[in-house]
Every structure is written in C-alpha cells, then in structure tokens.
Amino acid sequence: MGLSLRVRRRGGNKKEIIPVTSCSEEDEVTIPSQFLCPISYELMKDPVIIASGITYDRENIEKWFESGYQTCPVTNTVLSSLEQIPNHTIRRMIQGWCGSSLGGGIERIPTPRVPVTSHQVTEICGKLLAATRRGDHAVCSEMVGKLKRLGKESERNRKCVQENGAGLVLCVCFDAFSGNANSTLLLEEVVSVLTWMLPIGSEGQSKLTSTSSFTRLVELLRNGDQNAAFLVKELLELNVAHVHALTKINGVEEAFLKSINRDTICVNSLVSIHHMILANQETVSRFLALDLVNITVEMLVDSENSVCEKALMVLNAICETNEGREKVRRNELVIPVLVKKILKITEKKCLVSVMWKICKSGDGSEVEQALRLGAFKKLVVMLQVGCGEGTKEKVTELLKMMNKVMKMNGFVDRSDSSSIEFKHVKKPF
C-alpha cells in the first residue's frame, strides 16, 4: 500500500510533491507507505526510530515529545526512553527511490546531519572554559567556532547549546579577553553567538557588564558591530543597573551617535539611547552637545516606520528635561515632521507626547505652526479612530490649545476640519 500524490516539474528534471489540485503539468506518483511519517503522512527527510520500534520523521516526533507526550503516537505505549536513533536503512531507501523512475524524478533528499548531543556541547564548553582560564586564544577561537557552526546547522542544535550552559561560558570568555587588544575577532565571534543565547542569566550578565567588558562592547559598537548593538540593548532591558554602569563608560555617547549616524541606522542603538536618557538625565546634556536632536529629527523625514517610532522614543525622553525641550523647539523641522507623521506611523504615543510637551511649554508659536500645517484635523481623526487613554488626554489638550489660538488670532483652519465630528473631544471648542 502507498499514498498517491502528484508532482510538478520545477526546472530541468527536478520535481516536487504538491497538492493534486494546484498543478497543471503533473504526474501521479505512489509513495511507499514505509517512506511516510505516521504523524504527518509526508515523505520523511530525517527518519528516526524510537523505543517502540516505529520510524518517524525527526522533526515531527520531536514536536510530539516537546508537547509533553511520552508515548508512541502509533501504538500509544508509554516509552521507556525518548531517544531517537537515525534509521539509515530507510533513509537510504528513500534517497534511492527519489532518484529512480518509481519516484517520478522527485528531488533526492539530502543526508541529514546528526543533531548535537548534550554530552558534545558539555565537552566543547569544558574545553572553552579551560582554554579561557589559561588564556589560550587559539583554542578559544576553535571552540567558539564549533558552537557557532552547530547553531547554524539547526534550531534543535541551538536549543541544545543553550540548555547546556554555553551562554555563561561564552560570557566568561568575553570578560576574560575583553582587556586584550588583539582579541577583537574572537570577541566578535563570541558576541555573534551570544545573540541567540538570550536571555542571559544573572551570572553571565555580571561578566558582560563589568567595566572591562562594557568598554569592549562599546568599542565594537563604535566600529559598527550590529551584534554588539543588539546585545547591549538586551542587557539594558534586563536590568536598569546595567544602564547606570554603561553611562559611566568613557565615550559611550559618541559610540552610540556614530552607530545611529550611518547609512544603515542601528535601531537597537536608538533603543539603548532611550534607556540611557530615561535612567540618567545627566546624559541628556552630553547627547545634546553631540547634536542628537538634529540627527534624530532628520531620521523622521524619510526613514521607515520602525526607525521613526524609535527616534520618537528618543525625542520623547529628551523632552523630559527643560534643556531638552528647548533644544527640540529650536529645530525648525520638528513641528512640520511631527504633523506629517501623525497619521502615517502606527505607534503614535511618543509622537503625541513630544508635540504636547513642546506646545505646552512653548510661547504659542508652536501651536500656531501646527495649526497652519493641518494638525487639528489629523488629531481629531486620531480621536475618532481611537487611542490609549493617556494619549487621548494629550490629544484633547492639544486640540484645546489650538482652539484657543484660533479664537484669539482669528485663524481659519484650511484643512476643512469643520466637516469632522467632534463628539470624542471634550467641550467646549
């Protein structure tokens, strides 16, 4: 017995299995039942035998076990072990069948790599830790390279590496070599592996946030290392104490400004700057002196939404201080850009907050400028569509400020706001 499916030519003599109803140039192929996974009823790519003696495709039986089952899906017997042994015989038969006339020319499945075991990961970590303690740069590079290659092979390997203590050992290695000027390539490799080791435990965090480690991470960041930017952002979000430690690193503000002032804007660095400003307002003055406001406002002009939203987070944090608000108000682009973006970005909370802080603390010219640019109508639309309670209150207050300016100056809103309902806006207007 077998399962009849149809195949479609992909190019040359290669064919792929697809649903019967979705192909035009097709042939009917009967797949032998022993080649099909009992769970998915699809051709097996990595057949393995479990304790019950039944063969399954590795991916499907792993999902079964990960769901909490400890039984065989076919026999329903409780398994004495969840071990999976590669069924090389079936795999070779499938590969031979795919390339034969019986297989209809279906592309031959590749020979799967054997997944890494906990014992192998533990052995690699042990060698890495020992080499770190004796300062053996070459062996450390070799072991880190092995961990990186394992992670690239499969998601299962990554999970196995994560669960067997590799994250902490890598943090120890980074801290140990962070003071070595000749270890840049090793440290870059360590950081690249650590990006898929998250979340990092408290002991590992303590290693990465030491003065020496943080200083080296900032250096990598300054040189454009995107992995370092991501890792720093993740560390800052884990604990506010890490933010305070980072602000003490010499030249950290310049490194972040360089990171966001490139052709490819580093969104992770924008998030880190936001955390730094909120946690330590003394950093605001240093960032302002480095022209952060103008750089951030320019991002809003033509960057994609994800960048704009993070840039607005930074501007909103800057506006928490008098010095910051004054600097933002002096930028001639800020009000026009904010008005332009009101209905264009998805997350409007920070945009409204920045506009509210500028207008509320200004001399009224900001409100009038926003009015002339059509902000009134757009803000009313925001209320109609719906927004969070805090944002709604700020929008309502902004509309009241604008209404007051219109009455005092006899200003006529040319955006045709009279046709919009005002039922969501608190009276009077």
Side-chain angles (χ1 to χ4, degrees), residues 1-8 10 14-22 26-126 146-147 149-166 196:
M1 294 292 291
L3 180 66
S4 293
L5 296 175
R6 306 243 178 176
V7 296
R8 177 176 58 194
R10 289 200 309 172
K14 294 181 179 179
K15 298 182 181 181
E16 61 180 346
I17 300 174
I18 62 170
V20 172
T21 57
S22 62
E26 57 192 35
D27 302 305
E28 187 171 314
V29 175
T30 300
I31 302 177
S33 59
Q34 66 267 33
F35 295 170
L36 300 172
C37 176
I39 295 176
S40 65
Y41 294 101
E42 294 178 350
L43 186 67
M44 290 188 284
K45 298 177 181 178
D46 187 5
V48 293
I49 305 172
I50 63 172
S52 64
I54 306 296
T55 297
Y56 297 90
D57 197 35
R58 187 188 295 276
E59 181 181 356
N60 295 323
I61 195 62
E62 281 182 348
K63 288 180 179 178
W64 174 267
F65 291 152
E66 287 171 2
S67 298
Y69 298 108
Q70 296 186 0
T71 58
C72 172
V74 171
T75 65
N76 204 32
T77 55
V78 177
L79 301 172
S80 58
S81 168
L82 302 185
E83 184 181 5
Q84 302 154 43
I85 302 172
N87 191 332
H88 297 299
T89 301
I90 288 292
R91 189 252 305 159
R92 293 190 189 101
M93 289 172 64
I94 292 173
Q95 289 176 325
W97 176 83
C98 287
S100 70
S101 58
L102 293 174
I106 296 173
E107 187 174 355
R108 182 179 185 271
I109 63 169
T111 301
R113 292 180 179 270
V114 178
V116 69
T117 64
S118 298
H119 174 74
Q120 289 172 316
V121 174
T122 302
E123 186 177 8
I124 293 172
C125 289
K146 282 187 176 182
L147 291 174
R149 286 192 295 274
L150 288 172
K152 284 184 176 180
E153 286 179 7
S154 68
E155 190 62 36
R156 183 186 187 282
N157 279 2
R158 284 194 175 196
K159 186 176 179 181
C160 186
V161 171
Q162 290 171 334
E163 291 175 347
N164 286 279
W196 47 269

Distance (rounded to the nearest 0.5 Å) between [X] [atom1] and [Y] [atom2]:
{"X": "E123", "Y": "Q120", "atom1": "CD", "atom2": "CD", "value": "7.5 Å"}
{"X": "I90", "Y": "D46", "atom1": "CD1", "atom2": "CG", "value": "13.0 Å"}
{"X": "I50", "Y": "E62", "atom1": "CD1", "atom2": "CD", "value": "12.0 Å"}
{"X": "E83", "Y": "T117", "atom1": "CD", "atom2": "OG1", "value": "10.5 Å"}
{"X": "I85", "Y": "I49", "atom1": "CD1", "atom2": "CD1", "value": "6.5 Å"}

Min side-chain heavy-atom separation [X]-[Y] under 4.5 Å:
{"X": "R58", "Y": "P115", "value": "yes"}
{"X": "I124", "Y": "V116", "value": "no"}
{"X": "P73", "Y": "N60", "value": "no"}
{"X": "N87", "Y": "V48", "value": "no"}
{"X": "P47", "Y": "R91", "value": "yes"}
{"X": "P38", "Y": "I54", "value": "yes"}
{"X": "D57", "Y": "K45", "value": "yes"}

Which atom names give the shortest non-hydrogen contact between [X] and [Y], and what distance separates them?
{"X": "I94", "Y": "M44", "result": "CD1-O, 3.6 Å"}
{"X": "A51", "Y": "S80", "result": "CB-OG, 4.2 Å"}
{"X": "C160", "Y": "S118", "result": "SG-N, 3.7 Å"}

What I want to find out is whether E153 reaches R149 closely enough, with some N-O distance under 4.0 Å, to be called a salt bridge.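 Salt bridge: no.
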In plain terms, say whether K159 and E66 are close enough for a salt bridge, that is, a side-chain N and a carboxylate O under 4.0 Å apart.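 So K159 pairs with E66 through a salt bridge.
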Spell out, as yes or no, whether a donor-acceptor pair under 3.5 Å connects the side chain of E42 to the backbone of C37.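 No; judged by distance alone, with no hydrogens or angles, the pair does not exist.
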Could I get the full list of ring pair (Phe, Tyr, Trp, His ring centres under 6.0 Å) partners for F65, not counting sequence neighbours?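 F65 satisfies ring pair (Phe, Tyr, Trp, His ring centres under 6.0 Å) with no residue once adjacent residues are dropped.
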Pairs meeting criterion ring pair (Phe, Tyr, Trp, His ring centres under 6.0 Å) with involvement of residues 66-92, two or more places apart: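 Applying ring pair (Phe, Tyr, Trp, His ring centres under 6.0 Å) to every pair that reaches into residues 66-92, excluding sequence neighbours, yields W64-Y69.
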